[in-house]
Number of protein chains: 2
Amino acid sequence: MINAVSIKEVKTKLGELCKQKRQAYEMSQEDLAKALDLSRFTIQKFESGKNATLDTVLKIAHHFDWLESFYQALKNLESTNDIDSLY
Amino acid sequence: MINAVSIKEVKTKLGELCKQKRQAYEMSQEDLAKALDLSRFTIQKFESGKNATLDTVLKIAHHFDWLESFYQALKNLESTNDIDSLY
DNA sequence: TCTAAATGTGTATTATAGTAAACAATTTTG
DNA sequence: CAAAATTGTTTACTATAATACACATTTAGA
C-alpha cells in the first residue's frame, strides 16, 4: 500500500494540533513557551509547520498528553513484520 | 489518568525501532544513511536515543512507512476533546 | 474607537544537531 | 583463527534550531 502522507504534511499537522490544543486550554504562545521552558519564537515556528528538535516536539507532546499515544503507535509498529507477509 | 511514559523513553523506543527495522531489512547504518541522505553518525546517534531534528525523525519514519501511522495518531488526537469530559 | 493582548517577523547571538574523516572496538563470516 | 564488515567514538567544522529583544500587525475587549 502506498503511503500518501508527506513529511511536510506531518509537520503541518503537528503545528495545527499544537495551536488547536493550546487555544482549547486558553493559553497564549507565551504561556505555553513558559510552561515548557521554551521561547515563544520556538512555539511560533513549530505551530507554523517548521522544523524543530525532537525534544521540542516531545515537550509539547508531553504537555498535551500525546506521549502515551505516540508510544503506543511505536509499540504497534515494533511488532509488525513488514518485510514480507509470511504467506 | 497519569501518563507514565517519559520523553526519554520515547526517544529510546524510537532508536530501538529504527535499529530493529533497519536490521530486518538487512541494512547497515551506512546503507540507511545513504538512502536518506544523512550521515552514519546521525543514524548512530538516533538509534542510541539521542536528540535529533524532526526532519531526521520523519525521514526515517518515511523510509520505514511509519508516516501514515503517525499521521493517524495525530488525527485521532485532533478530534479528542481533552479539556473536560462533557459530563 | 482605541486600547491591550496576542501573534507574526526581523536581527543578532548562542547552543547544538549534522557532516566528514579517521580510528578503535566489536561482530560476522570465510 | 583471520579477515572483513559493522558499529561505536572522537575531533574539527558547518548548518540551523533555539534564544532574546524589538517592533509591526492582527485580534479581542472595554
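By convention in this document, chain letters (A, B, ...) are assigned in the order of the sequence lines, proteins followed by strands, and residues within each chain are numbered from 1. Quick caveat: nothing in here was measured; it's all calculated off a predicted structure.
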Practice prompt. Identify the two heavy atoms, one from B/Cys18 and one from B/Phe46, that lie closest to each other, and give their separation to 0.1 Å.
Written response: CB-CE2, 3.8 Å
Practice prompt. Work out which heavy atom in B/Glu26 is nearest to a heavy atom in B/Asp31; give both atom names and the distance.
Written response: O-OD2, 4.3 Å
Worksheet item: What's the spacing between B/Gln29 CD and B/Lys45 NZ if we round to 0.5 Å?
Response: 12.5 Å
Item to complete: Starting from P on D/dA17, measure out to CG on A/Leu36 and report it in whole angstrom.
Response: 19 Å
Discussion item. Each nucleotide in nucleotides 7-20 of chain C should get exactly one letter: B, S or -. Can you fill that in based on protein heavy atoms under 4.0 Å?
Written reply: BBBB------SSB-
Discussion item. What I want to find out is whether B/Lys34 reaches B/Glu30 closely enough, with some N-O distance under 4.0 Å, to be called a salt bridge.
Written reply: yes
Worksheet entry | Validation row: A/Asp55, B/Lys11 side chains within 4.5 angstrom (heavy atoms) | yes
